[in-house]
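Data block below; observations after.
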Amino acid sequence: MKTSCAALAAILLSIAMPAMAADYPAPKQGDWIARDFKVHTGETMQELKLHYTTVGEPSGQPVLVLHGTGGSGASMLSPAFAGELFGAGQPLDASKYYIIIPDAIGHGKSSKPSDGMKTSFPKYNYDDMVEAQHRLVKEGLGVKHLRLVIGNSMGGMQTWLWGEKYPQEMDALVPMASQPTEMASRNWMMRGIMLDTIRSDPDYNGGNYTSQPRTMKYAITAYGIASIGGTLAYQQQAPTAAKADKIVDERLATPITADANDFLYQWGSSQDYNAGDKLEQIEATLLLINSADDERNPPETGITDAAMKRVKNGKLYLIPASTETRGHGTTGNAKFYVEQVRQLLQTAPQRTM
């Protein structure tokens, strides 16, 4: 989602522009092919292309950065995120760290349905995406141990999976805008409605469309307003019906650049996510960063608090709600937690394989 989890502040799908910051090295692009990649359904791709971005030199301490649904590595180079973290003296100073930002399966310039396979593309899930990231890091880039894995929204959920699947391969974990528990409640209800709306559009034609389904923009806009933005922020921005209508009209007028099949695969891949069964397996120091007004991960349910009690070296930082926060999109702006990340890296023990 383009929340900053890719930054859905402008609406779920547009890609944030890279920060034009002179205080960290220019990002470098690369591609790597994972051969004979088998997904959870048993389907195998002979060649899975994984695109990635790096900032800094391989001699630095490796850091893996994971983007949100509908985003890409480029979406994590926004001034609000990279501009607050990657610069000189900042917590992930790229003169000291080797920052790796993959495009997840089905996203950005990595292999995806719109490359030609359409609905014949293998149905992937979060476990498959994490496995692909792991192969890229280990086989493609030759990195044996990570100082940090940090991810936002979908990337946050994948960060939980990294800690469980590969518990000895990182020192620290920072999942953001996420819970380790399964996709459920309002979050999955709204996703399901959004996806069903697109699939049921006659324009979709079972995935063999000649133009993007017309209902996409309505489904995406409705889900975005319902699940990201922050209650206090919306009240400030739209205190009258006229101002609320203006926001909706502007969002509906924003071109949808996403491909429908790509979009359905991206958002549907979360359906069987559940990192809640193996929390005791996490060995790395973990800092969960959520926002108090996160519509998708509401803290008042107590689910997150209960899960954190099972994490051996875990801590929750809850960003207070305000007119400056943006609900689920808050963590796209690193100014809210720069010091927490700095303290984590200063105190988390450095481990070896």
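It should be emphasised that the depicted structure is a prediction, and the values quoted were computed from it without experimental measurement.
Sequence neighbours left out, the pairs with a member in residues 164-194 that pass ring-ring contact (aromatic ring centres under 6.0 Å, His included) are His134-Tyr166, Trp162-Tyr166. Annotation: side-chain hydrogen bond (donor to acceptor under 3.5 Å, both in side chains) contacts involving residues 96-106, sequence neighbours excluded, are absent.
From Ser291, atom OG reaches atom CZ of Phe336 across 7.5 Å, with rounding to the nearest 0.5 Å. Here CD of Gln179 is found 8.5 Å from CG of Asn187. Values are rounded to the nearest 0.5 Å. Between the CG atom of Leu141 and the OG1 atom of Thr54 there is a distance of 7.5 Å, given to the nearest 0.5 Å.
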TODO: Could you walk me through whether Lys144 and Glu169 pass side-chain contact (heavy atoms from CB on, under 4.5 Å), step by step?
DONE: CA-CA 7 Å; Lys144 296 180 179 180; Glu169 296 189 22; over 6 Å; no

- [ ] Please report the C-alpha distance between Gln133 and Leu136 in whole Å, then the side-chain angles of each, then the deciding distance to 0.1 Å, and finally whether the side-chain contact (heavy atoms from CB on, under 4.5 Å) criterion is met.
- [x] CA-CA 5 Å; Gln133 293 159 2; Leu136 168 65; 5.6 Å; no

Task: Derivation of the side-chain contact (heavy atoms from CB on, under 4.5 Å) call for Lys118 and Asn208 - done: CA-CA 8 Å; Lys118 297 185 178 180; Asn208 296 306; 3.8 Å; yes

Open item on the list: Between Met176 and Tyr337, is the side-chain contact (heavy atoms from CB on, under 4.5 Å) condition met? List the steps.
Closed with: CA-CA 10 Å; Met176 301 187 295; Tyr337 50 83; 3.5 Å; yes

Task: Residues Asp262, Lys112; criterion salt bridge (charged side-chain N to carboxylate O under 4.0 Å, His left out); working and verdict - done: CA-CA 6 Å; Asp262 289 349; Lys112 53 189 178 295; 5.4 Å; no

Side-chain donor-acceptor pairs under 3.5 Å in residues 278-286, sequence neighbours left out?
| residue | atom | partner | partner atom | Å |
| --- | --- | --- | --- | --- |
| Glu280 | OE1 | Arg310 | NH2 | 3.1 |
| Glu280 | OE2 | Arg310 | NE | 2.8 |
| Glu283 | OE1 | Arg351 | NH1 | 3.2 |

Please tabulate, for side-chain N and O atoms in residues 235-248, each donor-acceptor pair with protein atoms closer than 3.5 Å (sequence neighbours left out).
| residue | atom | partner | partner atom | Å |
| --- | --- | --- | --- | --- |
| Thr240 | OG1 | Lys243 | N | 3.2 |
| Lys246 | NZ | Glu250 | OE2 | 2.5 |

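Checked by atom type, the side-chain pair Arg251/Thr221 shows no donor-acceptor distance below 3.5 Å.
For the side chain to side chain contact (heavy atoms under 4.5 Å, CB included) test, residues two or more places apart in sequence or in another chain that qualify with Arg35 are Ile33, Glu47. Residues meeting the ring pair (Phe, Tyr, Trp, His ring centres under 6.0 Å) test with Tyr52, sequence neighbours left out: none.
Thr347 places a side-chain N or O within 3.5 Å of a backbone atom of Gln343 that can act as its donor or acceptor partner. For Lys49 (side chain) and Lys109 (main-chain N/O), a donor-acceptor pair under 3.5 Å exists by modelled atom type. Checked by atom type and distance alone, the side chain of Thr159 pairs as donor or acceptor with a backbone atom of Gly151 at under 3.5 Å. Under a 3.5 Å cut-off, the side chain of Asp294 and the backbone N or O of Asn290 do not form any donor-acceptor pair. Glu182 contributes no side-chain N or O that, together with a main-chain N or O of Gly276, makes up a donor-acceptor pair within less than 3.5 Å. Judged by distance alone, the side chain of Asn152 and the main-chain N or O of Gly155 form no donor-acceptor pair under 3.5 Å.
Using a 4.5 Å heavy-atom threshold, the side chains of Thr325 and Leu232 count as separate. Within the 4.5 Å cutoff, the side chain of Tyr209 has no heavy atoms near those of the Asp201 side chain. Inter-residue side-chain proximity for Met154 and Ser270 is flagged as unmet; no heavy-atom pair is nearer than 4.5 Å. Between Phe81 and Glu84, the closest side-chain pair of non-hydrogen atoms is not below 4.5 Å. Proximity of Asp171 to Leu148: side-chain heavy atoms (C-beta onward) are nowhere separated by under 4.5 Å. Side-chain atoms of Tyr273 and Asp127, non-hydrogen and from C-beta on, never get closer than 4.5 Å to each other. Between Glu324 and Lys335 there is a side-chain heavy-atom pair separated by less than 4.5 Å. When side chains are defined from C-beta on, Tyr124 counts as touching Gln266, because their heavy atoms get closer than 4.5 Å.
Transitive grouping of hydrophobic side chains (ILVMFWY, heavy atoms separated by less than 4.5 Å) keeps Ile303 and Ile289 in distinct clusters. Cluster annotation: Leu288 and Leu318 are assigned to distinct hydrophobic clusters (Ile/Leu/Val/Met/Phe/Trp/Tyr, side-chain heavy-atom contacts under 4.5 Å, transitive). The cluster map of Ile, Leu, Val, Met, Phe, Trp and Tyr, joined by side-chain heavy atoms under 4.5 Å apart, puts Leu195 and Ile256 in the same cluster.
Closest of all the heavy-atom pairs between Arg135 and Phe37 is NH1-CD1, 3.8 Å. Looking at every heavy atom in both residues, Gly83 comes nearest to Gln90 through O-NE2, 2.9 Å. Taking both residues in full, the closest heavy atoms of Leu48 and Ala132 are given as CD2-CB, 4.1 Å, listed atom of the first, atom of the second, then distance.
Using bins of under 30°, 30° to 60° and over 60° for the plane-to-plane angle, the ring pair His107/His67 lands in the tilted bin.
The local environment of OH in Tyr234 is crowded, with over 12 non-hydrogen atoms from other residues, nucleotides or ligands closer than 6.0 Å.
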